[in-house]
Amino acid sequence: MNTAWARFLGALAALAAAALAAWLAVGAEWALALAVAGLLLMVLHHVRNLAAFLHWLEVPRRETMPIGSGAWETALAELHRHFKSRDESEHEVAVALARFRAAGQALPDGVVILNRERQIEWANPTAERHLDIDTRNDAGQAITNLVRNPDFLAYLGSGAYGEPLVLRRARGEASVLTLRVIDFGDDQKLLLTRDITLEEKLDTMRRDFVANVSHELKTPVTVLSGFVETLSDEAMVLSAEQKRKFLGLMSEQARRMQRLIEDLLTLSTLESSNAPPDDQAIDVRPLVEKLGEEARLLSGGRHKVQVSVETDARLTGSMREVSSALSNLVSNAVRYTPDGGAIQIGWRLRDGQGVFSVEDSGIGIEGRHIARLTERFYRVDNSRSRESGGTGLGLAIVKHVLTRHQASLEIRSEFGRGSTFSAVFPARRVEVIDAARAA
Ligand code: ADP
């Protein structure tokens, strides 16, 4: 028996006991009068509490619930406890739901919940972006009315969701999405979308790279195997002069493959190394002079080569990497400058930054090519690059080395007049040598 009942029956029993006592003490009339008065008081008490309760029921909020008296007090306290625990459970559910929604909003993948009629019940902002939908305006709409792509419609209708659907979108910025459908609950569906544009791009780059390398190796390998066949054909009578010529061509092709493999290895070492460059103090003047010597050697007297060092300094960086990058710039200047041209190799300071520059009076580059020059195998003129021993990887190597040193490559060029390639190192890698103190 609950406590409210116990209190009610207790009050009734007390009244009955009082009436019995009055009967015995002062007679039946008084006992009846007392019982009637007591019952009236009890009814009044219950009517008052009932009125307060009915009034509260019009707007039943936990905070305004009446306290009540007697049996009502116990019953209302019980009700209050019940309301409180329901409010707490509701609050917990609301917090859990808000947390779930916040997690859904933050997901880098798109999530859409569809009901059995394929209507959108909920979607996160990523899915809205991926599918071009707006849940505030489109809530309750069937997704098949909003995403009209035929492949999507066929996929959703097929019920075969083992493999994800790949959607290519040409609208706006071209992008590639994968889309998965997962059945759950009562014929509901979870639609997951993921943007794989970057992965696709990297895949294409990888495929292009392999195709380019194979293409680069194909010619020298074909030439070499042709000559090997010719030289090993005993029926073929070759003069000493012819043999010398063939062997010369063969070693030229072998050198070409060697250069390509060396550049590929350099590039792969640079790309796979997460470690910062092996920092050393590089004296700039001897480095610039060494580059000048290299230019003269490559040029073989065909160009006028000059070097200049405006301010003596030390550069912090990997000697091997920096000198290989600058050698590439020097070799390009020599290779792309016709005989009689001039090449100027210099070092100067610019607002504290250290600038190595290689300037030539060569063939120059049209503006439209400049942004792409550091891509692997990008060449303005394929045959000119190959004839002069180029691998198409030089500037890609330069770019990598400079990036690893937080330095940048600046290219200025005028078609037909010449180019200047500058490697700009940040001030914190440059230490000016105090000439007076050094002396
Ligand atoms: P390559 O081995 O072909 O020279 P690089 O990556 O070093 O490859 O250079 C990419 C392309 O940039 C070259 O093929 C050439 O067309 C152009 N280029 C680079 N340096 C110069 C330069 N100093 N003058 C004109 N063109 C240049």
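None of the values given here were measured: they were computed from a predicted structure. Atoms within each ligand, like the ligands themselves, are counted from 1 in listed order. Starting from 1, each residue takes its place in the sequence as its number.
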Considering only heavy atoms of [X], which atoms of ligand 1 have at least one such atom less than 4.0 Å away?
X: Thr391; answer: 2 (O)
X: Arg335; answer: 1 (P), 2 (O), 4 (O)
X: Ser419; answer: 24 (N)
X: Val380; answer: 14 (O), 16 (O)
X: Arg379; answer: 3 (O), 14 (O)

Nearest protein heavy atom to [atom], by residue and atom, and its distance?
atom: atom 19 (C) of ligand 1; answer: Asn332 ND2, 3.5 Å
atom: atom 23 (N) of ligand 1; answer: Asp360 OD2, 2.9 Å
atom: atom 10 (C) of ligand 1; answer: Tyr378 O, 3.3 Å
atom: atom 13 (C) of ligand 1; answer: Tyr336 OH, 3.3 Å
atom: atom 26 (N) of ligand 1; answer: Ile365 CG1, 3.4 Å
atom: atom 6 (O) of ligand 1; answer: Leu395 N, 2.8 Å

Nearest non-hydrogen atom to [atom] belongs to which of [options]?
atom: atom 2 (O) of ligand 1; options: Gly392, Gly394, Gly389; answer: Gly392
atom: atom 3 (O) of ligand 1; options: Ser385, Ser388, Gly390; answer: Ser385
atom: atom 12 (O) of ligand 1; options: Ile343, Val358, Asn382, Leu373; answer: Leu373

is_close_aromatic(Tyr155, Tyr161), centroid dist under 6.0 Å: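 Distance test on ring centres: under 6.0 Å, yes.
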
Spatial distance of atom CZ (Phe377) from atom CG (Asp208) [nearest 0.5 Å]: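 These two atoms lie 11.0 Å from each other.
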
Gly364 N/O to ligand 1 N/O under 3.5 Å: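 Such a contact does not occur with ligand 1.
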
Do any nitrogen or oxygen atoms of Ala396 lie less than 3.5 angstrom from nitrogen or oxygen atoms of ligand 1?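 No - when backbone and side-chain N and O of Ala396 are compared with those of ligand 1, no distance drops under 3.5 Å.
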
With a 3.5 Å distance limit and no angle check, can you tell me whether [X] reaches the backbone of [Y] through a side-chain donor-acceptor pair?
X: Thr126; Y: Gln105; value: no
X: Arg259; Y: Gly389; value: yes
X: Gln253; Y: Val223; value: no
X: Ser299; Y: Val334; value: no
X: Asp195; Y: His130; value: no

Does [X] come within less than 4.0 Å of [Y], counting only side-chain N to carboxylate O?
X: Asp87; Y: Lys84; value: no
X: Arg194; Y: Glu199; value: no
X: Glu90; Y: Arg62; value: no

